[in-house]
Amino acid sequence: MTYFLQLLVSGVVVGSIYALAALGFVLIYKASRVINFAHGQYIAVGAFTAYALAVFLNMSVWLAGLIALLTTALLGFLTERVFLKPMVGQPIISVIMVTIGLASVIDGLVHLTPFGAGNFSFPAFLPEGGIALGGISVSYPQLLAVGFTALFLLLFGWFFQKSTLGIAMRAVADDQMAAMSLGVSVEKVFALAWAAAGLTAAASGLVVGAISGLNLSALTAIGLKVFPAVILGGLDSIAGAVVGGIIIGVLENLAAGYLDPFVPGGGTRDVFPFVVLLLVLWFKPYGLFGTEEIERV
Amino acid sequence: QTVNLMWSGAITGPTSDAGAPYAAGVEDYCRYANETNAVPGVTFNCIVRDDQYNNANTQRNFEEAIDLEVPIFLGYSTGGTLQLKPLVQEVGVPVVPASMHIGNIDPPNNDYIFLPTTSYSEQVIALLEFIAKESPGAKVALVVHPSAFGRAPIEDARRAAEELGIEIVEVQETGANLDYTAMLTRFAERGVQYVVHQNVAGPVAQILKDSKRLGLNLKHAGAHYTGGEDLLRLAGDAADGFLWATSFYLWNEDAPGIRLQRELGERYGRSEDIIRSVNYTNGMMAAGIAIEAVRIAKEKFGEVNAETVYQALMEMNWDSGFGVGPVTYGPDDHTGVDHLRVLQAKDGAFQPISEPFTSALFRKVHFQQ
Amino acid sequence: MSVHPVRPEDLGPILLEVNNIEVVYHDIIQVLRGVSLKVPEGRITALLGPNGAGKTTTLRAISGLLVPEDGAVRDGSILYRGRPIHNRPPEEIVQQGIVQVPEGRHVFKHLTVEENLRVGAVTQRNGSIREGLERIYHYFPRLRDLRNRLAGYTSGGEQQMLAIGRALLAKPRLLLLDEPSLGLAPLLVREIFEIVARINAEEGVTVVVVEQNASAALSVAHYGYIMEQGKIVLEGTAEALSENPDVKEFYLGVAKSGGRKSFREVKAYKRRKRFM
Amino acid sequence: MQLQVKDVTLTFGGLNALSGVTLSVNQGELVSVIGPNGAGKSSLLNCISGFYHPTRGEITFEGHDLTHASPHQITRYGIARAFQNIELFSGLSVLENLMLARHTYLRYNLLHAALFFGRAQAEEVENRRVVEDVIDFMELEPYRKALVGNLPYGVRKRVEVARALALEPKLLLLDEPMAGMTLEEKEDMVRFILDIRAERGTTIILIEHDLGVVMDISDRVYVLDFGEVIAEGPPEVVAQNPRVLEAYVGGAV
Amino acid sequence: MRYPWAQTGNYRTSYRQDTTIFATYWEQLSLWVLIAALLVLPRFLERSQMAVVDLIVIYAIAVLGLNITTGYAGLINIGQAAFMGVGAYTAALVAPYLPFWLTLPVGGLVAAVAGVIVGIPSLRIKHLYLAIATLAFQLIFEWIVGHSPALEQGGAIAMPRVTFLGYAVGFRNHHFFWYYVALVVLVLLAFAFRNLLRTRYGRALVAVRDNDRAADAMGMDPGRTKLFAFGLGAFYAGVAGALFAYWSRAVVIEDYMLSTSIELLAMAIVGGLGTFVGSFLGPAFLVLLDINVETLSEWIKSFGITPAGIDVASGLRPLVFGLVIVLFLIFEPRGLANWWRLLRSYFKNWPFKY
Ligand SMILES: Nc1ncnc2c1ncn2[C@@H]1O[C@H](COP(=O)(O)OP(=O)(O)OP(=O)(O)O)[C@@H](O)[C@H]1O
Ligand SMILES: Nc1ncnc2c1ncn2[C@@H]1O[C@H](COP(=O)(O)OP(=O)(O)OP(=O)(O)O)[C@@H](O)[C@H]1O
Ligand SMILES: [Mg+2]
Ligand SMILES: [Mg+2]
């Protein structure tokens, strides 16, 4: 039983990292129906910026983290301005490819810094160890992940359901021209979405950095883990991102816990989420909370 | 006379944390060789290529190298080297990969491939021997990278465990994950005492940290690419007690190769991280083997080509100063440094806890000798 | 009929003035070739004309919605309260009080009815949204019942009401309606036009309405323009236009005899050779 | 009786778009369906053409059960439709749009197609001829190779009807083919509809809000309100029905 | 026509003529000239240059397939490399028993079956959701190979050396031999591609892309059409994969991973999505670009001005790759095919400007 609980708890913790990453992903999709394949790169940029500030400039990790959040938000904002804005009105495949190209560009740029290869780790900024509840242990960086996720969930949940600007963002996703006719600045909405996505990406970068150190390919890989989470939750649902992320985290852990011994070589956690993804797509094409495409003829 | 040399490996992409310092090692040693005129009358033109861990790139690079008439080629990944084997056999150009996969030098098509040091298999078996000595009948789990590289020692390890009377409870493949609770708690439940890794440093560090956080009574050990400064830096004090098998001297030891490495690293402006990296040493040795072979070929046959360099390798016995034993090759011996040591992490540094030795058990289980 | 034809100026101060504009799409397709019109404040102005005449384009030029269609005003000017507004971004124009209800309704399908309305208030800084919503529900009581329904699942007439209501929340001084009767049943057409007339009368909102359904439009409008092939070809008060014989035949479907033309007869006078 | 809709109910999450609709159409008839917005007219058409499947009831066409059939099957039975909101292949030319309607008439296989020899070519040419006839009939010659997306609205509506016609259907379903058209264009469309019927004997079901058109050209009219048939009969009779007047017109015509 | 070569415009006087691919005889002629040029090309190139040309030809085959699935049918496929992989592994398994000219179609067919299976989600989902499903397939494929001892768990499976008409293909002639094989395959598949696209099969693909509901109403089963698109696209990939296996002498999983899928997509986009010539221009451009950037960064490095620890090539290659994609999409969304079109119409109208 403790075995199961331990799997569950750490599944939730890992899941909330996915959830955090998924949040940023969903933000962009929600506003502009764009799937951002560069999300993993933003995560990396956030993490490395914090590292550079903390180590090269000797800032406290907290302050460095804060600045990194803002810088990455700015980066999100700028990429929208420079790369995505000209793509308005182009087919989806082109927009997807722009984000793929963007991922490659950011990768290249990171390689021109000392962070291209190698492993780095933040100076200690959280207390050693963690808390243990009835034999189940959770470390402080993991708690930080859960905290960040909860914070952003509440923030964005409120924003999209209650604030006028949030509703306007959803309106833009639905029908840009109509939104413009009502005075919504589509450009501002997109830029805002990308900035917010940058912010959450940096938050996930910080958390991942704190938990398992910084390595370019490991950080960017999280950008892929986001997909099962958002498909399960529904591409355009904030709550879905969080629930989807956590479910995927838990399922992964349960797979690793209960399936691995039966599969030669194990490693089922790497594939299990994607199998789940396909199943979800088949049985619930719009995920748990995603809005169904309204198609009337 | 200008001799072209080429290294093709992953400076970016998967395993680049090892590949990047390795490349630096190759590059710097080459430069040093030219500056010191290591082979009289020969200047080396060293080309360092990033193949992004992509075999098509490796192959293209290799073929270009052949067109450039390199007498010896420095390779990298397990996959890339295995793929090249038939071609290498056909063109007869010696290849020294960074991968220490025993399959590289197993038949067929193995005549021209030379490992710089002991194989992963031998390293893992050496660790198993160590474990068997420490706690006879121990239960062991093997955690490996999900690739040909990671899977390399599994078969030999199973046979060795049988010989040693220890039990391999599980073999798990794992890349970078954020959390290893499931795997580790299960190991603990199944009575595993030792976890032996064949992986890169990142995942191992994460496993060590999780293992410590969960308060599990597991001891960890790993082959060449699991250890080194990276592991210490990433895992912090969770690395304490980690057992590591490698054929190289460490950056803080007083060995001739290491002195050279420090000096070159500083001279060529390498960061401290690179200078301390065992893969920097590794790259230097690979370049060293190539250049030494060219030297012998030039001295002995007066001309440098694939054939003469191959002949040179066949009789090489070079004390590089980088490895814990001399680099020796022969018709039946395609591993360079035949010795290795077991080291243990303690207070942020690895300390040798054995003398250099070769594993007879490995030879027995693998070559049926 | 008076001796002098009534000019727009006679109906009220000119709120909007379109001077000789030319509009081009994608830099090559010229659609408007010198369109001029005046919109008297507090009145309903109808803009009629066949498909493709450029009515929608004219409205877009005023509201700034040419931008998403890759169109631009090339020549001429549009003055709103004496200030030029052509080629300004739409959000700026909305802020000045001009709101367009696009052709084909374009409700936000995945938002609820009430959320749709709230988007209309996005440019309102501090006005209470509650109050605005109440005002809309006053005109369109049906929307109140549907407030939590997804807009995509409401009927055509309800969507049209929603689109108009949504625009009203932006507190327009000038409301541009593009074919509000499109696809609506006769009952709803009437209802919509009644509400438009009420909004105009009760709140003094100036309205420009583009319509195919000429009789419905002329029944509420004060002044009207007729546009063909990118040019204004006829203008006058609603009454004057309704009396014009050409308008009668081509827009109102009145037969020479005075009664309604029958569609059965079309075969007789337009039959042509074919091969089937 | 060619088409028989029996007691069809269609529910969307609790909302009855159609409840117990019964309707029958004879070979060669022109039947109109009118009713307020949201009455379920399009839903009825969607049920007949297989885009929606009735929750209850059944639909048969010349002995084929349409109730659970998919649109492409139904098309093969000889039913074609034009959509309320234009559903053309906007990236293709008028010609290509119409050639697509010939899909089911082309029988050559993949190998023929890959070699484009013999059968494939012959069939293509033959069907091209049919399509050209339709283009001619609908007076679309000037637009033959124009991209549909760039055409004026009225022409696009006409292409929709032409495409349905290229399927050579026995039953043609038209969902508001004249919405948003000027009087003149409406007259043209009416002319086409009457000609289709006269020259081919095609059965037609027409949904239209313009009562003038409906009253003038229909043989029979069905009136839907809240998913129920509230009146049925010849236009003159229906036009006098007080329930119809109240629900649809809100007073006298 | 009396002087077909003097023809300048597009005179088509029958429906049959209107179905031909080439408007003018000049176009036909230039095609033959092109094929002739391709046939003699190896005479002028070094062996290592031929390796690059081979790579381009092989990728062009895969990109043609991708253009069927993604370009024409509009089904975004982020798993084309996996289909290549299926073809390659199939080839590796059957190569010891079959002559190579049978291995290639067998690889294609098995990949086509995989394509149909992967296409199944397209019966229920669309657009981006479908794109993600193909991504999932790519990752699942990688995992399955990694866990299959029969496939060496992704390690190298050597391809046997081919003997053709009693003549063994070895290192020296390897790339020349496979060039001709790949060229023949490419020409055949390109020919089929062009033909298919002007028949009901091709039209159906475009129809489901544009409007699958209307396609349904036209009597075509959108589901089956989508499966067909996946199957056919995967067939091309499978053949390309089998060729790739021979070309690289061994099958290793790293060649068929996600990054390759993305490169293939990039080639299709840069070439001009849904265009025929783009399927050749895209691969050629990106492969040559990559090699030249490599050379460029080696040149930059030779100045020794870059700080230690930073590898210029490692940074420049992804940077340039990404930039090229992004810039093309922004400034020339129709890809190189559009340049080609402009160039052609320039020559066609020469000496007139328009
Ligand atoms: N975005 C666009 N790009 C290119 N041409 C356009 C665009 N929008 C409209 N047009 C063309 O401009 C002309 C006028 O169109 P507009 O929509 O203004 O006419 P309209 O009078 O509103 O007609 P309708 O009654 O059909 O709405 C038409 O020929 C149309 O094809
Ligand atoms: N796909 C759908 N999902 C949910 N509700 C639907 C769907 N299609 C139609 N409805 C609902 O069914 C009812 C009937 O709609 P339908 O489109 O058939 O009306 P209609 O009579 O054609 O109206 P109009 O004249 O405006 O076209 C409406 O309330 C509509 O909201
Ligand atoms: Mg219009
Ligand atoms: Mg309808």
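Because only heavy atoms are used, hydrogens play no part in the values below, and waters and symmetry mates are left out as well, while side chains stay in. On a predicted model such as this, the values are computed, not experimentally measured, just so you know. Each chain gets a letter, A, B and so on, in the order the sequences are listed, and its residues count up from 1.
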Identify the heavy atoms of Arg118(C) and Lys162(A) that sit nearest to each other, and give their distance.
->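 Looking at all heavy atoms of both residues, the shortest contact is NH2-O, 2.7 Å.
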Which atom names give the shortest non-hydrogen contact between Arg170(A) and His110(C), and what distance separates them?
-> NH2-O, 4.3 Å
Are any non-hydrogen side-chain atoms of Gln161(A) and Glu115(C) less than 4.5 angstrom apart?
-> yes
Tell me, do Pro68(C) and Gln176(A) make a side-chain contact under 4.5 Å, heavy atoms counted?
->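 Result no, sub-4.5 Å side-chain heavy-atom pair not found.
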Residue among Ala163(C), Gly64(C), Pro102(C), Ala167(C) with most heavy-atom pairs under 4.5 Å to chain A =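 When all of Ala163(C), Gly64(C), Pro102(C), Ala167(C) are compared, Pro102(C) has the most.
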Leading residue by heavy atom contact count with chain A [cutoff under 4.5 Å; candidates Val122(C), Thr123(C), Val101(C)] = Val122(C)
Interface moiety of Ala173(A) toward chain C, non-hydrogen atoms closer than 4.5 Å =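 Neither part.
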Any chance you could measure Leu182(A), atom CG, to His106(C), atom NE2, to the nearest 0.5 Å?
->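 That separation rounds to 12.0 Å.
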Distance, nearest 0.5 Å, that separates CE of Met180(A) from CD of Gln100(C) = 11.0 Å
With respect to chain C, which residue among Asp175(A), Thr164(A), Asp236(A) yields the maximal number of heavy-atom pairs within a distance under 4.5 Å?
-> Asp175(A)
Taking Ala178(A), Ala168(A), Ala171(A), Ala179(A) one by one, which has the highest count of heavy-atom pairs under 4.5 Å against chain C?
->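 If we count pairs closer than 4.5 Å to chain C, Ala171(A) comes out on top.
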Is Glu131(C) atom CD crowded by more than 12 heavy atoms from other residues, nucleotides or ligands, each under 6.0 Å away?
->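 Open.
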Residues 77-88 of chain A side chain polar contacts: donor-acceptor under 3.5 Å, at least two apart:
residue  : atom : partner   : partner atom : Å
Thr79(A) : OG1  : Tyr42(A)  : OH           : 2.7
Thr79(A) : OG1  : Leu75(A)  : O            : 2.9
Thr79(A) : OG1  : Gly76(A)  : O            : 2.8
Arg81(A) : NH2  : Glu187(A) : O            : 3.2

Region of Leu111(C) that comes under 4.5 Å of a non-hydrogen atom in chain A | both
Quick one: what part of Arg166(C) sits under 4.5 Å from any heavy atom of chain A, side chain, backbone, both or neither?
-> both
With Phe37(A), which residues qualify under ring pair (Phe, Tyr, Trp, His ring centres under 6.0 Å), at least two apart?
-> Phe227(A)
